Q: 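Questions regarding the structure given below will be posed in turn.
FYI, the numbering just counts along the sequence from 1. Just so you know, ligand 1 is whichever comes first in the structure, and atom 1 is the first atom listed for that ligand. Keep in mind that this is a model prediction, so the values were computed, not measured.
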Amino acid sequence: MSTLGVNLSHFLLKNDVEPALISAIESISNACKIIASKVRVAGLADILGKAGKTNVQGEEVQKLDELANDILVEYLSESKVFYGLASEELDEPIFPEKGKEGEFVVSFDPLDGSSNIDVNVSIGTIFSIHRRVNGTVEDFLQEGYKQVAAGYVIYGPSTMLILSVGNGVVGFTLDPDTGMFLLSHPEIKMPEKGKIYSINEANAEKWDREGLREFIQTLKQEGYTLRYIGSMVADVHRTLIKGGIFAYPSDKKNKNGKLRLLYEAAPMAFLIEQAGGLATNGNENLLKVKPENIHQRTPVYLGSQKEIKQLLELLR
Ligand code: P6P
């Protein structure tokens with residue numbers, strides 16, 4: 001296990017991560033440091049100018065999620081290690097000019113939960129890295145278990161990078177003085193069970209999976225408490241650290257659920273399973289699902305072993 005406080009690059013070198021993947025992760029972390037600086041002053045938008053309007057300097061103020069996307073596209077396109085980029089903000093993937101020899105493709109949600117910015121709630125960037133296979137869009141449509149790396153950056157009271165390269169889960173905290181992500185959580189392991197369930201119960205009447213309401217009722221009888229922030233990165237981060245279950249089920253309106261497979265569910269499932277938890281779409285392990293399209297949605301149930309196994313026994 002690496003010593004607390006080492007920075008991200010040094011940690012990756014010490015753990016013999018391949019140089020191209022180190023460059024890939026560093027380019028994402030550099031972009032996210034810039035995004036963190038923009039998120040931190042988002043509350044000043046009224047002074048600096050609302051999105052879509054001009055600020056006091058007469059500059060166009062971009063929506064923060066569009067700005068986050070532009071920053072990631074700029075940094076990742078220049079990195080030379082990404083053959084292709086897919087984003088929640090882009091209808092189609094892009095293939096950077098400088099990425100023609102790139103070994104990886106990356107899918108990301110540049111600023112998940114951005115609707116929460118106005119109420120100053122933690123939001124985040126989620127990313128998923130796969131190996132390039134044949135240099136086509138198909139490279140993005142690989143099963144989640146084939147990810148070479150996955151992670152998220154949560155912009156909260158502190159800015160944290162949570163990462164797995166397939167050998168457990170580690171956490172880094174951004175040090176404002178040095179501007180470096182420093183190792184703060186050398187080995188994140190999910191508790192076998194938790195005491196928290198995280199689901200938008202306002203949708204309960206619409207849930208279309210038999211047994212789900214019964215499962216939630218059982219957790220209540222067992223004394224669980226409900227925590228639901230409405231920002232996936234924040235809800236999953238709490239679940240990863242404290243255990244329990246996070247769920248966004250399908251319902252009568254959203255037959256495939258709301259969350260996206262490629263750049264929300266699969267990277268989060270990878271992290272949760274690397275930390276000892278489980279992730280399912282209600283029928284099969286989320287990491288085994290073969291995506292059919294870039295923006296495909298999926299039901300998501302992820303968390304500690306006890307709660308996920310208990311759920312699967314009740315779902316019909
Ligand atoms: P609801 C945020 O808009 C988001 O995409 C995820 O971050 C979050 O988990 C979910 O939607 C919340 O959706 O329908 O409960 O407001």
Side-chain angles (χ1 to χ4, degrees), residues 32 35-36 39 42 51 63-69 72 86-91 107-128 144 150-156 159-162 194 196-209 212-213 216 225-242 244-272 277 279-282 286 291 293-303 307-308 311:
C32 289
I35 295 169
V39 167
K63 275 170 60 65
L64 217 43
D65 41 11
E66 288 166 9
L67 178 59
N69 184 67
L72 279 157
S87 168
E88 194 262 349
E89 294 285 328
L90 300 172
D91 290 341
S107 306
F108 52 84
D109 186 350
L111 205 56
D112 181 76
S114 53
S115 55
N116 289 293
I117 290 171
D118 297 345
V119 292
N120 203 19
V121 161
S122 299
I123 53 182
T125 298
I126 311 170
F127 61 91
S128 166
Y152 58 84
V153 175
I154 180 167
Y155 310 106
T159 297
M160 283 190 71
L161 166 65
I162 304 296
I196 299 169
Y197 72 98
S198 185
I199 191 170
N200 186 343
E201 275 200 270
N203 300 330
E205 290 311 306
K206 292 187 291 185
W207 295 337
D208 60 359
R209 283 306 300 263
L212 180 54
R213 278 182 285 273
I216 298 294
T225 190
L226 168 63
R227 289 285 182 275
Y228 190 75
I229 301 166
S231 173
M232 184 187 197
V233 171
D235 280 319
V236 172
H237 186 66
R238 182 203 54 249
T239 305
L240 181 71
I241 302 296
K242 291 190 176 287
I245 182 171
F246 168 80
Y248 204 107
S250 55
D251 60 41
K252 293 169 190 145
K253 191 161 69 80
N254 304 299
K255 278 309 200 193
N256 293 315
K258 173 180 184 182
L259 300 178
R260 311 286 186 165
L261 176 58
L262 231 60
Y263 41 76
E264 290 176 328
M268 291 309 200
F270 190 78
L271 292 166
I272 289 287
T280 176
N281 61 8
L286 265 171
N293 68 72
I294 299 281
H295 301 293
Q296 172 175 339
R297 298 176 193 267
T298 178
V300 177
Y301 305 89
L302 53 80
E307 287 86 351
I308 298 297
L311 167 77

Q: Hey, is Asp208 close enough to Lys255 for a salt bridge, meaning N to O under 4.0 Å?
A: yes
Q: Could you list the residues that satisfy side-chain hydrogen bond (donor to acceptor under 3.5 Å, both in side chains) with Tyr197, not counting sequence neighbours?
A: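 Expected list: Glu201.
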Q: Pairs under 3.5 Å, N/O atoms on ligand 1 and on the protein: can you put them in a table with the distances?
A:
from     : atom 1 : to     : atom 2 : distance (Å)
ligand 1 : 7 (O)  : Asp112 : OD1    : 3.3
ligand 1 : 7 (O)  : Asp112 : OD2    : 2.5
ligand 1 : 7 (O)  : Met232 : N      : 2.8
ligand 1 : 9 (O)  : Met232 : N      : 3.3
ligand 1 : 11 (O) : Lys258 : NZ     : 3.0
ligand 1 : 13 (O) : Lys258 : NZ     : 2.9
ligand 1 : 14 (O) : Tyr248 : OH     : 2.6
ligand 1 : 15 (O) : Asn200 : ND2    : 2.9
ligand 1 : 15 (O) : Tyr228 : OH     : 2.6

Q: His237 vs Tyr152 aromatic rings, parallel, tilted or perpendicular, using cut-offs 30° and 60°?
A: perpendicular
Q: Which one of Val39, Thr159, Ile126 satisfies the side-chain contact (heavy atoms from CB on, under 4.5 Å) criterion with Val153?
A: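 Testing each of Val39, Thr159, Ile126 against Val153, the sole residue satisfying side-chain contact (heavy atoms from CB on, under 4.5 Å) is Thr159.
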Q: Checking Val300 against Met268 for the side chain to side chain contact (heavy atoms under 4.5 Å, CB included) test, could you report, in this order, the C-alpha distance in whole Å, the side-chain angles of both residues, the deciding distance, and whether it holds?
A: CA-CA 10 Å; Val300 177; Met268 291 309 200; over 6 Å; no
Q: Return yes if some donor-acceptor pair links the side-chain N/O of Ser128 with the main-chain N/O of Tyr263 below 3.5 Å, else return no.
A: no
